[in-house]
Structure formats: C-alpha cells, structure tokens
Amino acid sequence: MTVAKITGHDELNVLRQNYEDEIKSEPVRILVCAGTGCQASGSLKIWEKMSELAKNTEVQIEFAPEIAHGKNHPAVHKSGCLGFCEQGPLVRIEPLGVLYTKVQPEDCEEIFETTVKNKEIVHRLLYKNKITGEECFNQDEIPFYKGQTRVVLKTCGTIDPESIEEAISAGAYQALAKALFTMSQEDVIKTVLDSKLRGRGGGGFVAGKKWQQVAAQPEKTRYVVCNGDEGDPGAFMDCSIMEGDPHRMIEGMIIAAYAVGAQEGYIYVRAEYPLAVKRLTLAIKQATERGLLGENILGSGFNFKLNINRGAGAFVCGEGSALTASIEGKRGMPRVKPPRTVEQGLFEKPTVLNNVETYANVPQIILSGADWYRSIGTPDSPGTKTFALTGAVRNTGLVEVPFGITPREIIFNIGGGIRDDKKFKAVQIGGPSGGCLTEAQLDEPLDFDSVKKLGVIVGSGGLVVMDENTCMVEVARFFMDFTHRESCGKCVPCREGTLRMLEILERIVAGQGEMEDIDKLRTLADLIIHTALCGLGKSAPLPVVSTLNSFLDEYEAHIKDKKCPAHVCQKLKQYVIDPEKCKSCSKCARGCPVQAIHGQPKMPYEIDQTKCIKCGACISACPFKAIYVA
Amino acid sequence: MLDSSFYTKTDEILSKYPAQERSLIPIIHEIQETYNYVPIELLPYIAKHIGITETKAYSVASFYERFSFEPKGKFIIRVCDGTACHVRQSLPVLERLRSELGLSDKKHTTDDMLFTVETVSCLGACSLAPALMVNEHVHPAMTPDKATELLKELREEASKS
C-alpha cells in the first residue's frame, strides 16, 4: 500500500484530526510497554496474548460512550518505555487510565474479564506505595511519577512508537510545519538560542550557538548529525527516547537541518541497541513515505535526507570528531581541534552535532516558544533532564525532572530511597567522565553549573545509587578499567596514564597499596586532565579524583589496615574458622585447593591467611557453618 | 582459502552499498551478521571494491570491539558489566557462565561452536540489572543459577533445530 505524501500544514492537521478520531473510536485501548526493559521482562508475550483475547472480545461502547464511535473490539498497542522498568512488564488501560505492574501472561484473561469487560480493577496488579502500602490506581498516584516533569518523554509510553499515525495524532511534525511555513531560518535559530537549550550529551554547550555558527559558514554543504552512541555504562535515556518516541527526535533533526540549511543527516546509534535501530529505521521510512523527510518536505521545497549508522562497540565514538570519523568509515579516533565540528565536521563540512535528547527538546520549544521553555528549570540550565536512575535504589527506571531539583528528591522521593533499608553512601553521576556525590551534597541543586562546582558533571544522565555495601575504591577501579579499555590509544596521556592509574588501583584493592600511591594517583590525574587529546581522556581520571576527595578514608583503610570497609574487595576478605563451632571434621582442609587449612583431631582448625586464595571452597564444605568472612 | 560461496555472498552485500569508504563499517557489520565473524580473507576483497587500501580496511575492522576475526558461537552471550550491573553483582553471573562452559577471559567460544561469552559495557537495561543479552534478546535480573538455567534452555533449543 502506498501512502500519499502530505503537502502542507492544513493537510497535516486534517490527518491529525482523522488519526485522533480513529484512536478515540477505540472503546478500550490497551498499551503494553515494549521498551527494552519490559521486553526483557516478557512484555511481547503479553502483547500477543492480549491481541488474541481482543479479537474474541466484544466490548459494549457504554464503557466510554462520549468518545466511542462504534468500534467494539479493544485495541492493543505496544508503547514506548514508560520508565518504571523495575515494575515491568507494565500495561496501561485507557480510557480508565489504570496502570498494571508486573503483569504475567496468565494475568491477561483476568484483566480482560475484570477490567476490559466489567470496568473493575484487578487489585493485585496495582502498584503499592512502598511506604504507606496504599494502592496506586494510575500513574499520577505513584510517587515515582509524581515528582517528574515530562517534556521530552511526554508521549513516550502513551503512543505506539512503530506507528506514525499515532505520533501525528499526538502532535508530531506540528513544530516542523510551524517552522517551515511561519518561521525563517533565522527565527528558528533565534528561538532555540533564546530558549538557552544546552546540549544533553554531557558538555552542556548552548545548542543554538552551534546552529548559529554552522549557519554562518561560507561552505554550503552542511550536515546534521545525531549522537545516539550512548556509551556511558549506567545510562539508557537516549535509548528510551529513540525506542519510545523516534519521531520526536527525527522532527528535531529536520528542524535543525532547516535552520542551518543542511541537506543530509546521520543518526549514529550504538549497535547494542538493536530495538532503537529497528524503530528509527521504520520511523525514517514512514516519515519519508509521508513526505516529512526526503524531497520537498510538506510541499515547502525544503529537502533533507536522513541516514542511520550503527556503531561497532567503541565508547570513544561518543566524542564528536571520533563519531564523524566513524561515519566516514574510519577508525573512531578524536582529532585535534580546531577546526571544530561546526566548521569542519562530517566529511570536513560544517556540521551540527547534538545528542538525542537535545534534538527531542526542539519540537516543543518551537511550538511553545523560548519563554515557556525557560520557565522550566533554572535560569542558566532551562528545561528538563532525563536520568537513568539505577543501582541500589528502590525504584529504578527512566525519569525526567526539571533542572534545579536536588539529588535527594530524585533518589528518595522519586526513587523511593535505598533498597532493603540500607544506608545511602554515594550517587555516581556523569558515568566514566563524572564522579560521586555524597550525603552532604544531596541538597545541592542539580544543574550544569552547580554540579561542576562540586567537581562532577551532569553528563549524559546516568545516576547510579550506591549503598553502604559498595566499595568506593573498587568503583574507582571499575571506571578506570573501563576508560583504559576504551581508550582509543591515540594520545599518550590517556593510553598510558589510565593504565598506570589502573595498576595502582588494582594494587590498592588487593591490599598491596602504599600511602604514596595516593599522591601518584593525584599527580597522574592532574597530568591526564591537562594533556589528553579529547574530552573523554581529559575527564577519565574524574571518578578517581572525586572518590579520593570524598572517600579518602576508604583508600586509607585498604592501604594502611589492609581492610575493605564495605567487605567487597575479594583479596582483602579474610576467611576465618569459628573455634566454638568447629568440630575438627577436616572437611574444609580436604576441600581447600591450596592446602591452607591445618588442624589436629579435637582441636579447632585454622586457615593460613598467607596461603588462602579466598575461593570460598571451605565455606561450602563446612557442615557446621563454622567458617565465615571477616 | 575461503570457498567461492563467501565471495558470492560478499558481492551480494557489496551491491547494496555505494563503493565508497563510508560504506566500510556497514559492510563489515553485514558480513559479521552473516557469518557471526569477519573472515579476514574478505577484507582485501572489500577494500579493493570500495577503493581503499587493505591496511586501512584491516585497521578499521580491528579497531572496533564488535568485529571479530574469530568465528563466534551460535549463541553470543554478552554479559553486561556496566556500572549498574556491576554494583548489582554481574561478575558472579559471568563467572558461572564461564565455569559451566569451560571458558575464560582468553577463551571466549566453546569448542562445539555453540556458545561465545563476552562482556559488554552497557546494554541499556540498567534498571533490570544485572542483565545479559543472548544474540539480540535481553535477559533481565540475572543470577548465577538463572544463568545455569539459561544455558540449559539454549542447549535444548539448539538440539531441536
């Protein structure tokens, strides 16, 4: 079936109205979350089961008489990520608005009988407030959603990301039409500039400035590139946007292309996100068929072609010049700047390079204006930021909050506090380029400039919460291991410096560190920060610097006392036999692979700590539970 | 020496892309998806077709972590060791998989070519940590015991097909 191209704003509006009516005519609308998280929890099976049940179910239109148009089968759709991944698979039923959590295939029939047919609630599938124990009927009642402000994620989770009709009905491409038909290129740039939208990939550079600089270049061949190479471990915001609302981001890119006069664009996506690649590919195809991409967009005479490039597992490709090199078919290695990407970026042409979330902010800014945008967030960091809230927090998931909110609000109100009532220790922000915030820093506002003063960065938006059971020295070692492995090797400070820092950290977590290692770490960090070639290299030592500043006592415990206060570091664990419980049965000694356990009949056995390799074999061998980890 | 079917297949892939340097990475992706690895003998052939030197093709193919010159197993298990998975104990899952399959950080693929076990920086399923991916399917909230169970299921699946 070929679909007609849309050739004007009026036509787009008519279509939008038609699609809206179409959706409203569905007497019951069942949305099954099909983000990466819920799919992993098995949501596709639920979608299949629901679709099958829907075929055989007739619903009386009295369910919602004011909006029903006579269709009498419930409609079952896949939706984008609803964010509350921890409670997945999630199912939302409209127009009731009820949200069911942790739904299993065997619950589907009950949901149909009770909710779809009889409009009653399946109470056991409702989310229960973890503090008060109260049932939460819909999203708005759940504390996880209450504290959020959803701008970028507004329709992520309410529409089917594989349907351009649903996207259009929810207002997609309205901003594009507004820009193309009522605004000059300068107007668009001015609006984005006035909104003070700052790059969401980590740097926080004002997006409008990049656009302005590209538009001012004498070279007329220009590119618009989207950085979807979300490589920071512990971050999946961009993944959710690309999967859950691909048209919003694509629309932002087309608007950018119009503003700077670009003819072609590229989306660079990690290969580890197959679902995002699939949905973006489909969205581009649909938008092209509808005349929203390609030649003569919406009949305006503006042309823009969009391509997708898959990454190939190199973290460094998140750096601008490495990313464009990778699109060109080269090794993804950063180059010396200047010339900057806005002057000579992709194929040495002027290039606008922004992050997924940055582009996804653009349509709403064009529609509602710069003043509206600046009314959210703080004066210098306007708007919202999406965060991936993970780690030792009760409610993990995808959240969107206005800038200026405190980390405490995010972790304790939205996130519901620390799992298993443990004690909060730190929250890691900014991934391998960031650092840790401590309890004392939790009430500082979260925005680009405030967190910089604390020695960390907002970064792309990973928030990994750590409890008392996390060893901060081991965390520093983990990040250094990561950056060392991912170093592209072009410049010496990053290639060799991160390796030396890693070696020192490995010594410390093995109990072989010396106090002068702390000074060595600081010296190396300082050197790398000031001499590495690219932003990723320059920020690689930050997790170490930040933990040294806030958790020096933990480093000292590893070095001086040879102890890991959080009992994490394997080599510092001591296996001990409780003489009271030991029955001298010798099972432990026989099970020990390195003959570290000795003893005599009727005397408690002992472990020789110099020989012990901490394998734990003795613990499993002991029938009297006499062996424990000190 | 590869048999001629490899070159026929490669021609088919090459015909989908413009003969330019920028097509190199997408082409290698498709080769890897077809064979589960990149037969190194194909690189000079691809390089000649798109007009770059052999060394350049090799330097690119060897730079990216995802491309492998070693044949991989039928099931590629990528254990996520991102921050969120790491703090929620992803390493014991990796260790269990390796010990059950007789693999290590040096040996990634079983001799029967059924399983490859490797780590990955982040799968984007952080809220369901620790996660792992089997080919393109994500498995959430793993434990060492669930990993053992998963291997059993995959073996059954393999014996059926």
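Here is how names work: the chains are called A, B, and so on, in the same order as the sequence lines, proteins then strands, and each is numbered from 1.
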Check: residues 42-51 of chain B side-chain donor-acceptor pairs under 3.5 Å, at least two apart:
residue	atom	partner	partner atom	Å
B:Y45	OH	B:D11	OD1	2.6
B:Y45	OH	B:D11	OD2	3.2

Heavy-atom contact with chain B under 4.5 Å, split by part of [X]:
X: A:E474; result: side chain
X: A:C471; result: neither
X: A:F84; result: neither
X: A:E230; result: neither
X: A:V316; result: side chain
X: A:M466; result: side chain
X: A:A271; result: both

(message) Return the OG to CZ distance between B:S121 and A:F482, rounded to the nearest 0.5 Å.
(response) 4.0 Å
Can you give each donor-acceptor pair under 3.5 Å made by side-chain atoms of residues 76-83 of chain B, sequence neighbours left out, with the distance rounded to 0.1 Å?
residue	atom	partner	partner atom	Å
B:R78	NE	B:E118	OE2	3.3
B:D81	OD1	B:H86	ND1	3.0
B:D81	OD1	B:S90	OG	3.0
B:T83	OG1	A:P233	O	3.1

(message) Counting only non-hydrogen atoms closer than 4.5 Å, can you tell me which residues of residues 22-33 of chain B sit against chain A?
(response) B:R22, B:L24, B:I25, B:H29, B:E33
(message) Could you work out, with ring pair (Phe, Tyr, Trp, His ring centres under 6.0 Å) as the rule, every residue matching A:H567, not counting sequence neighbours?
(response) none
